[in-house]
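The basis for the numbers below is simple: all heavy atoms, side chains too, and nothing from hydrogens, waters or symmetry mates.
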There are 2 protein chains.
Amino acid sequence: MARTTGSDGEKTEAAIRAAAIDLIARHGFEAMSMRQLAAEVGVQAAALYRYFPTKQELLFVLMLQHMRGLQQASADAQPVAGTPNQRLRAFVECHIRFHVERRHSTHVSNMELRSLSKDNLTAVLKLRTAYEKQLRQILRDGTESSVFDVEDAGLTAMAIIQMITGVIVWFRPDDRLSVEEVARSYHTMTRRLVGADEIQEENHVHAVHELRI
Amino acid sequence: MARTTGSDGEKTEAAIRAAAIDLIARHGFEAMSMRQLAAEVGVQAAALYRYFPTKQELLFVLMLQHMRGLQQASADAQPVAGTPNQRLRAFVECHIRFHVERRHSTHVSNMELRSLSKDNLTAVLKLRTAYEKQLRQILRDGTESSVFDVEDAGLTAMAIIQMITGVIVWFRPDDRLSVEEVARSYHTMTRRLVGADEIQEENHVHAVHELRI
DNA sequence: TTGTTAATAAAACGAACGTTCAATTAATTC
DNA sequence: GAATTAATTGAACGTTCGTTTTATTAACAA
């Protein structure tokens, strides 16, 4: 046999990406074989190489896609000229929503960094660092204008990111809590963590809330 | 060749464990081959099977060792009849010290869960859950006696654990901050996160401090 | 309809994998 | 010093890996 009826390059590539994210998230990149991936897509292993030259390149593409999506979502969620409190809220809640909605993709991007080649790792880390820089800037701005009380912006940013990314470790879509409830809870904890001014905070929450609805 | 001069079973086993932790942490369990591990130890691959019947069993033993060490360290650090604030401080600082001092071992235990067989995973998760239960209890006790203000003890416990375990992702021993400084910073953030009473807290910090020196 | 291109199958490549087995030597015991 | 046990080697097992090559068919354009 050869080309099958109804075969379509775009659909096949999309199916490969989706199946790869699923398999890598569940079993790990090294543990997933190209034959296993091909079987999941419903195709022979050789067909995968029409779309991705190597297994390594496939992983790299998936991670780039994830990081760009995160950057985009974050940029879209940020208020144009928000206060530090508004920006922090937007960052935290967007981060949690994005990661919960793309659990598998997030798992791949967080757990498989060591499977990247040196150059590809550098490229992905560059995007990641740029993303994290946003949070550091929010913390610094808030501290400067005295709405936050943060000792070390770098350390605090890392602590917050670890905390809010960790949601995907325990959260399941059919949990007793909804994504929105979780996002709100984590935002509350984050606010406390940065020593956000309580009264000012309430105003900001409402302001942002109104903007969103 | 066969048995080498100066060969000693106990030393070889210890060397295998140490090398395995190092290699798995750096490259991942699936990516580490038994031949690679053997080479690191300075031995042939077949020799490994004198100490561990399978690669899977090796991983399992390493994780059990890690979890038991963590349980022990945590138990040793807990004050016999401490206040929630004292217990929280002991838990957080002990956790950070332990994880920073055993970065590689922690990496293995956190990242390679999916490489465990079903039964082995169950056993390791049981230990992990028991450990996390301690923190939930501290949060509940503190909330009950109104020294903490925690909405959801389960969710907050997970958030704290993710945050304080995340230290190993960015912390390096030769960093600008010492382990003790980091532990203190994270404890401060944790206190804020659980809404710990400020004045009472100061007293507790000093009390614990005096106990320790 | 014919020629071209896109998409895939089928088979094969050498290399590496976890693991086993028999042989061999060092250390220990009697 | 002989017998036994502990520790290890070296070679081999069958399997699976990522990848390449070649042939074959579907879809499409002229």
Rounded distance (Å) that lies between atom P of dG18(D) and atom OH of Tyr49(A): 6 Å
dA7(D) phosphate, OP1 or OP2, under 4.0 Å from Thr12(B) side-chain N/O: no
Spacing between Gln44(A) atom CD and dT22(D) atom P, to the nearest angstrom: 19 Å
Distance in angstrom units between Glu30(B) CD and dT16(D) P, rounded: 14 Å
Value in whole Å for how far the C1' atom of dT20(C) lies from CZ of Arg50(B): 15 Å
Rounded interatomic separation in angstrom, taking CD from Glu13(B) and P from dT8(D): 11 Å
Check: Phe91(A) ring centre within less than 6.0 Å of His187(A) ring centre: no
Interatomic distance where NZ belongs to Lys55(A) and C1' belongs to dA16(C) [whole Å]: 13 Å
Integer-rounded Å distance: dT19(C) P and Met34(B) CE: 6 Å
Side-chain N,O (Tyr51(A)) to OP1/OP2 (dT8(C)) below 4.0 Å: yes
Ala47(B), nearest nucleotide to its side chain (from dT8(D), dT19(C), dA12(C)): dT8(D)
dA16(C) OP1/OP2 closer than 4.0 Å to side-chain N/O of Ser33(B): no
Side chain of Val43(A) - closest among dA11(D), dC17(D), dT8(C): dT8(C)
Min side-chain heavy-atom separation Ile138(A)-Asp141(A) under 4.5 Å: no
Met67(B) side chain reached by Met63(B) side chain, heavy atoms, under 4.5 Å: no
Phe52(A)-Phe60(A) aromatic ring centre distance below 6.0 Å: no
Atom pair distance, as rounded to whole Å: CZ in Phe52(A) and P in dT20(D): 15 Å
